[in-house]
Amino acid sequence: MIKDIASFKAAGSKAVAESLEKIKKDDSGIFITVCGGAESSGSGPLAGVPIAVSDNISTKGIETTCASKILKGYVPPFSGKSADDLEKAGAVIVGKTNLTEFGILGAASAYGPVKNPRDKTKKGGPSGSAAAVAAGLVPAAVCSDAGGLLRVSASFCGTAAFKPSYGAISRFGLIYYTGSLDQIGVTAATISDAAAVADILSGNDKRDTTSLPEKMLYFGGKPLAGCKIGIPEEFLEGVSAGVMKTFDEAVKTFEKLGASCRKISLKNAGYMQPVHDIIAAGESSAMLAKYDGTRFGPRAEADNWHEMIAKTRALFGPVTARRIMLGIHLLMAGQYNDYYMKSMQTRTLIIDEFNAVFQDYDLLISPTTKDVAPDVGGTCGGCDQEFSAYSAAIAGADLAGLPAATVPCGFVGKLPAGLQIIGGYLKDADVIAAAEAFEKETDFVKPQEAI
Amino acid sequence: MIQKDEMKKLAWVARIAVEEKDIPEFQEKINAKLASYAAIADAPVGGVKKTVNPSRLNTVLRKDTAAPSMSAEDALKNAPEVYETSFKIPKIL
Amino acid sequence: MAYENPDGVMIGLEVHVQLNNAATKMFCSCTSDYTDSEANTCLCAGCLALPGTTPVLNEKSVEYAIRIGLALNAEIEDETDFFMKSYFYPDLGNGYQVTQFDRPIVKNGHVLIEGEDGELKIRIRRAHMEDDPGKMAHFGTIEKSTGSIIDFNRSGMPLVEIVTEPDMRSAKEARRFLDKLRSILEYLDVFDGSREGAMKADANISVNVFNGKRIEGTRVEVKNISSHKAVEKAINYEIMRQKDFLRKNKPLVQETRHYDEDRNVTVSLRVKETADDYRYFPDFDLVPMFVGGRVEGIRAEMPELPDSKRERFVSQYGISDAHAKSLVTERAFADLFESVAAKVDSKSAASWVADIVKGELNYRDMPITAVSSDDIVSIILMVSKKEISEEGGIAVIRTLLDEGGKPADIVKAKGLAMAADDFIAAAAKEAVAESPDAVADYKGGAENALNFIVGKVMQKAKGKADARLAREMVLKELEKM
């Protein structure tokens, strides 16, 4: 039973009421919508546990905005598979967390930035999900991850997060902007908690073509003793001295636990970021075409339909708007072969190289982000380059659909640093096992830590 | 690189109204992105198959069995404008 | 004699076929049977393109596409996939259509039709799967409307688009191709052609000879041809328009024109502000499809198609090729013929089903389900046993269609039963006895006189006699004299 795990022990109507109370008082921009008072039903493994869900996951009867003005007032007539699964397991969805518009890194949320619970002058990351856990508002939060939406947030806030292999958790009801890179994951105080919730969300869903036929197993992974760990040196480029220090310590911890760590080179690493960017831009241009003020959402006034949709679509923030236009440009006949086609082919090279590396290594580790959380008002608030500015280590797992975890691995000042662990395709349990062993050996994780 | 008129055209193709004063910034930032993609120019992709989705699955098909539809009420609930049970829009031309 | 194609007309067709015999739509489990439903009641979040829906391909639509490919004598691509085709239009909720691009499931096939000068092979370039958008209606005409409304019931219906090479040389050949295609599709059981929007065609038309000289024609696409009757008219109008432009030395533009069925003209669609760039790219929500393994199973289950059925009818039943051709056009008639032919002489079966039943049904615009093979069998048997005359048989069918009932009851009620042979023999004897002058004239070589006596027999039988039989009986009586 999940409730045996420390952080889920606070369950029942009292725990839910407390969580809601704290969420209502929050002034860090963590939540967009508070879902008041839904009583827990049944006696599932998450009975009475308050949980947060990212506002890009559809919730029936509850406004779902993706933090965009273009979805203001949109109330889905259906719930995403993961929201349904949480409720079936007895969890109470207490609120919808903030995110950069549609989860696009660098875009601005229509609801303002998420502040870091550890230092409110710093960013809490592109998603409010990790901040919700770090601030002790909920024991776990569900959020998708393309480009690090979840992992970067967890790294900045000092929580554990896990993005499973592509296809492990159904995307039905997830309002993704880049379907081939996005995958739902979970953040919690510890990786075990995150994996326990991921376990509840996993399993085949006939409504999602990419849903894996077999339920993913997260437990019983390979022990660290004897494990071969690779450290892609390209993922260390641009990492700050402070974060590098925490990472060097982490490497020592893995060695102490019996793993052997060796630096490796991924010759396609330099392509990961631009390929991710190009694919995400192209996919966004199609995925964000449905927002036209015709069937749902706000509508601008104009005397003909084409003018109306252009004015309505001006509700997208500028970064999102540019992402769409860039995607359209890249997909046009004149550019398609040089950019989009080439990116899809390079993606194959990247996947093939990962496959080859995982013949020799069990896991790859690196800092999750180059640096700790930046200032809230910093230059990257609503800029187009935020994704690449944060990390060189994020794109690879998205492109290849690999399982990736981030766990806290130390502090730079009072701000946490994150360690990313990537596993081979479908080797989710190995990633979880390594992260758990690391957590047990270190004391950076303090469940439900009061901040 | 995208020129100014191309930028305006692109905004229209995207059906996103951009104010004239914002066009230069859009152009500059999109061009900056495009410039950064020079990084893939030398990728050795000759004869390499494309990857569209990281899923290793193929031929995922559904049985041809009908499920109940959504109610008209649910379908129209979020509509900005409705006429009887249809979505109403301004004239098309 | 070879067809000369004096204007060098080249016609290619793109035919959209709705696979409405599948129970569900292409990418969701919504019913495909929305014809009689209120707007926006046969749909789901996916049909409406609400945020957060994911497509899953219907197995049936793939199977149907393969069936079509095999029937078109085409190659089936082993590995195939879907692309997104992007453009903004109110009935296209997602802002893109899911279609196929460089790897259509079907390619390089052909269909044989009866051309202007005998059998003509129409090459099929490709056939690909795609989904149908919703349906828009305007308040007033499209040019002067104050607004439009959209119904998404049709959104997501599975389609196959069949693209021919420009192998047709006249409007008649184009219509014959469509007739043949429709017949094949009905045999395949993939669609019900009677449902609205089941089949639509766009035609690419060019005139390539002017003043007897070969010229580089201009390809014009005519869209929105929705009925078979319209095809011929639309194409003929467009050929005439192009010839007229050539004669007047007016420039022809490569463009898309819309066929207005009410006015019987093609009109230019307003020139778009930006050139069409649909930004085709692979649909990342779906995974590759390997269908090669399914082909043989589907081939084994393929129904007999019109061409081979026609050959079999001629050889197996000994009926004429004209009858066979007429019977196989619609599978239901072919089936009706076979069940009738199982019980009566096959030539009679062919002529009754192909000439009479089909004609009477068409005249009334009634479906074939209005008659049963048992009824036709009993009518044919009554005629062959001379219980009723052939005219009587036709009358029975007409009554059956107009008023209903069973053949035997109709014969009784309408008094169509023919008089018995001995009654006619007796009547003939009487008639001869009562007509000494006519008998004398006949003996004197006046053949006409015979008709007078036969007429008398028919009078006595109150018309319920077979005229030929009456004549025979009269001749017999005369010989005795």
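Residue numbers begin at 1 in each chain, while the letters A, B, ... track the order of the sequences.
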Enquirer: Under 4.5 Å between any side-chain heavy atoms of C:E77 and C:V291, yes or no?
Expert: no
Enquirer: If you count heavy-atom pairs under 4.5 Å between each of C:V287, C:D285, C:T53 and chain A, which one has the most?
Expert: C:D285
Enquirer: Of all of A:I309, A:L330, A:I279, A:I175, which one pairs up most often with chain C through heavy atoms under 4.5 Å apart?
Expert: A:I175
Enquirer: Among A:R207, A:R171, A:M332, A:E283, which residue has the highest count of heavy-atom pairs closer than 4.5 Å to chain C?
Expert: A:E283
Enquirer: Aromatic rings C:F101 and C:Y280: how do their planes relate, parallel, tilted or perpendicular, breaks at 30° and 60°?
Expert: parallel
Enquirer: Is the number of heavy atoms from other residues, nucleotides or ligands under 6.0 Å of A:K206 NZ greater than 12?
Expert: no
Enquirer: Hey, is CD on C:E79 packed in by over 12 heavy atoms from elsewhere, all under 6.0 Å?
Expert: yes
Enquirer: Please check if any side-chain donor atom of C:E130 sits under 3.5 Å from a side-chain acceptor atom of C:H128, or the reverse.
Expert: yes
Enquirer: Between A:T294 and chain C, with a heavy-atom cut-off of 4.5 Å, which part of the residue counts as in contact: side chain, backbone, both or neither?
Expert: side chain
Enquirer: More than 12 heavy atoms of other residues, nucleotides or ligands under 6.0 Å from CD of C:E255: is that the case?
Expert: yes
Enquirer: With chain A as the partner, which of C:G95, C:G93, C:A45 has the greatest number of non-hydrogen pairs under 4.5 Å?
Expert: C:G93
Enquirer: Side chain, backbone, both or neither: which part of A:Y176 has an atom under 4.5 Å from a heavy atom of chain C?
Expert: side chain
Enquirer: Heavy-atom distance under 4.5 Å to chain C: side chain of A:M341, backbone, both or neither?
Expert: neither
Enquirer: Can you tell me which portion of C:Y96 sits under 4.5 Å from chain A's heavy atoms? Options are side chain, backbone, both or neither.
Expert: side chain
